[in-house]
J.: 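Dumping the structure here so I can ask a few things about it.
Fair warning: this is a prediction, and the values are worked out from it, not measured in the lab. Just so we're on the same page: letters track the sequence lines, and every chain starts at 1.
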There are 2 protein chains.
Amino acid sequence: MAESTGESDAAMELEVWCAGEDWCPVTTTSSLIGKKWHPVIIHRLLEHGPSGFNELKDDVDGISSKVLSESLEDLGEKQLVRRTVVSEKPYRVEYSLTTHGESLEPVIYAMRDWGLEHLTEPTDENDANG
Amino acid sequence: MAESTGESDAAMELEVWCAGEDWCPVTTTSSLIGKKWHPVIIHRLLEHGPSGFNELKDDVDGISSKVLSESLEDLGEKQLVRRTVVSEKPYRVEYSLTTHGESLEPVIYAMRDWGLEHLTEPTDENDANG
DNA sequence: CTGAATCCTAAAGGATACTG
DNA sequence: CAGTATCCTTTAGGATTCAG
């Protein structure tokens with residue numbers, strides 16, 4: 001517990017992975033954020049700032065607590081998200097982006113912008129296919 | 001066969017998905033390209049232009065033919081990649097980005113740039129933790 | 001060359017219930 | 001509020017083989 005209290009995230013090296021021999025920044029970046037919920041979680045933390053667990057769960061519509069918990073743990077290991085206990089009684093926790101996490105802003109916003117430009121929001125009126 | 005010859009990809013709507021009620025461009029974008037190999041494949045097609053199957057397989061270091069084949073099929077269904085038979089004898093195929101696929105350039109390059117800036121290429125010399 | 005078929009394992013994700 | 005634990009299903013991914 002209290003695994004986050006001592007880190008200086010800005011200076012830490014991130015874990016990297018790459019298939020094969022060639023080092024590839026695209027591959028490694030996508031190995032960090034290429035999970036189903038990671039981009040959304042980061043996006044919500046970018047938009048709403050530090051959030052509690054259920055607050056985040058509410059923002060990330062559709063995620064289960066188990067998956068959110070695992071995702072946050074993974075993002076924590078990758079040093080993109082920090083967990084802080086802000087109050088013991090009542091027990092309150094805050095998730096926020098590390099410096100590395102914040103630096104993903106251009107990536108996340110590029111995804112958002114692309115989505116806004118190229119994807120059409122499905123509407124109830126046009127889901128009938130005729 | 002020749003399933004690609006009639007499409008006008010620029011005008012087509014892309015399939016979208018979003019968990020829960022809220023429409024979210026980040027979620028849907030990541031549902032399109034948030035597979036392990038999709039960003040790399042798109043990146044290679046951006047960099048090298050139209051490529052044959054094995055050419056691409058060679059560029060995407062570490063991928064198996066099965067996974068590459070499935071990824072390309074998926075990217076094709078999502079209308080990001082186009083498949084063209086350029087020669088019947090000898091049999092030659094070319095994969096290239098559709099207009100939608102090309103439009104992902106900012107996203108892919110954002111990922112690449114982030115990787116270049118924030119990830120350190122692992123070297124054989126420094127893997128000892130001293 | 002292009003890629004489909006098969007088999008297999010590991011990982012991701014979801015529903016639900018329960019705990020401090 | 002903030003999660004864990006359990007169970008289960010689906011999917012992704014990898015190795016290998018085979019075929020047009």
Side-chain angles (χ1 to χ4, degrees), chain A residues 1-4 15 17-21 27 30-41 44-45 48 50-78 81-96, chain B residues 1-4 17-21 27 30-41 44-45 50-78 81-96:
Chain A
M1 339 60 224
E3 61 273 81
S4 67
E15 207 181 323
W17 169 90
C18 205
E21 331 285 308
T27 304
S30 93
S31 80
L32 286 178
I33 63 168
K35 305 290 173 134
K36 184 170 183 180
W37 299 99
H38 286 198
V40 206
I41 293 170
R44 296 305 189 272
L45 291 174
H48 301 176
S51 311
F53 186 86
N54 283 318
E55 193 180 356
L56 201 48
K57 184 172 184 302
D58 205 57
D59 275 348
V60 182
D61 197 22
I63 198 170
S64 72
S65 50
K66 181 212 170 201
V67 172
L68 176 58
S69 175
E70 286 173 354
S71 301
L72 286 169
E73 190 184 343
D74 188 47
L75 288 167
E77 285 169 8
K78 283 159 177 165
V81 165
R82 172 178 34 233
R83 177 183 180 272
T84 313
V85 178
V86 292
S87 156
E88 284 290 354
K89 196 169 185 307
Y91 193 52
R92 283 206 143 277
V93 162
E94 213 174 67
Y95 290 95
S96 54
Chain B
M1 57 217 85
E3 62 272 80
S4 67
W17 169 91
C18 205
E21 330 286 308
T27 305
S30 93
S31 81
L32 286 178
I33 64 168
K35 305 290 176 137
K36 184 169 184 181
W37 299 100
H38 286 198
V40 206
I41 292 170
R44 297 305 189 271
L45 290 174
S51 310
F53 185 85
N54 283 318
E55 192 180 357
L56 201 48
K57 184 172 183 304
D58 204 56
D59 275 347
V60 182
D61 196 22
I63 200 171
S64 71
S65 52
K66 182 213 170 203
V67 172
L68 177 57
S69 175
E70 286 174 353
S71 301
L72 287 169
E73 190 183 345
D74 188 48
L75 288 166
E77 285 168 9
K78 284 160 176 163
V81 165
R82 174 179 32 234
R83 177 181 179 274
T84 314
V85 178
V86 292
S87 155
E88 285 290 354
K89 196 167 186 307
Y91 193 53
R92 282 205 145 278
V93 162
E94 211 174 67
Y95 290 96
S96 54

J.: Please report the shortest heavy-atom distance between B/Leu32 and B/His38, naming the atom on each side.
T.: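 Closest approach of B/Leu32 to B/His38: O-ND1, 3.3 Å.
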J.: Where do B/Lys36 and B/Val40 come nearest, in terms of heavy atoms and distance?
T.: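 Closest heavy-atom pair between B/Lys36 and B/Val40: O-CG2, 4.2 Å.
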J.: C/dG13 C1' sits how many Å from A/His38 NE2, rounded?
T.: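 Interatomic distance, NE2 of A/His38 to C1' of C/dG13: 12 Å.
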J.: Determine whether B/Lys78 and B/Ile33 satisfy the following criterion, side-chain contact (heavy atoms from CB on, under 4.5 Å), listing intermediate values before the conclusion.
T.: CA-CA 9 Å; B/Lys78 284 160 176 163; B/Ile33 64 168; over 6 Å; no
J.: Assess the residue pair A/Leu75 and A/Lys35 against the criterion (side-chain contact (heavy atoms from CB on, under 4.5 Å)); give the C-alpha distance rounded to whole Å, side-chain angles, the decisive distance to 0.1 Å, and a yes or no.
T.: CA-CA 10 Å; A/Leu75 288 167; A/Lys35 305 290 173 134; over 6 Å; no
J.: What is the distance, to the nearest angstrom, from the CD atom on A/Glu88 to the C1' atom on C/dG20?
T.: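 Going from CD in A/Glu88 over to C1' in C/dG20 covers 12 Å.
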J.: What donor-acceptor contacts under 3.5 angstrom involve side-chain atoms of residues 52-60 of chain A, with partners at least two apart or in another chain?
T.:
from    : atom 1 : to      : atom 2 : distance (Å)
A/Glu55 : OE1    : A/Gly52 : N      : 2.9
A/Asp59 : OD2    : A/His48 : ND1    : 2.5

J.: How close do B/Leu45 and B/Tyr95 get, counting heavy atoms only, and between which atoms?
T.: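 Distance-wise, the nearest heavy atoms are CD2-O, 3.5 Å.
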J.: Give the angle between the helix axes at the two ends of the helix from C/dC1-D/dG20 to C/dG20-D/dC1, taking five base pairs at each end and rounding to 10°.
T.: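 Taking the rotation axis at each end, their angle is 50°.
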J.: B/Glu73: which residues meet the salt bridge (Lys or Arg N to Asp or Glu O under 4.0 Å) condition with it, sequence neighbours left out?
T.: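 With neighbours one apart ignored, the set is empty.
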J.: CD/B/Glu70 to CH2/B/Trp37 distance, rounded to the nearest 0.5 angstrom?
T.: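 Reported to 0.5 Å precision, the distance equals 13.0 Å.
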J.: Would you give a per-nucleotide map of nucleotides 6-13 of chain D, 5' to 3', where B means the base has a protein non-hydrogen atom under 4.0 Å away, S means only the sugar-phosphate does, and - means neither?
T.: BB----SB
J.: Polar-atom pairs under 3.5 Å, protein N or O versus N or O of nucleotides 1-3 of chain C: list them with distances, or write none.
T.:
from  : atom 1 : to      : atom 2 : distance (Å)
C/dC1 : OP1    : B/Asn54 : ND2    : 3.2
C/dT2 : OP2    : B/Asn54 : N      : 3.0
C/dT2 : OP2    : B/Asn54 : ND2    : 3.0
C/dG3 : OP1    : B/Arg83 : NE     : 2.7
C/dG3 : OP1    : B/Arg83 : NH2    : 2.6
C/dG3 : OP1    : B/Tyr95 : OH     : 3.3
C/dG3 : OP2    : B/Tyr95 : OH     : 2.9

J.: In whole Å, what is the span from the CD atom of A/Glu73 to the C1' atom of C/dG13?
T.: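 That distance rounds to 15 Å.
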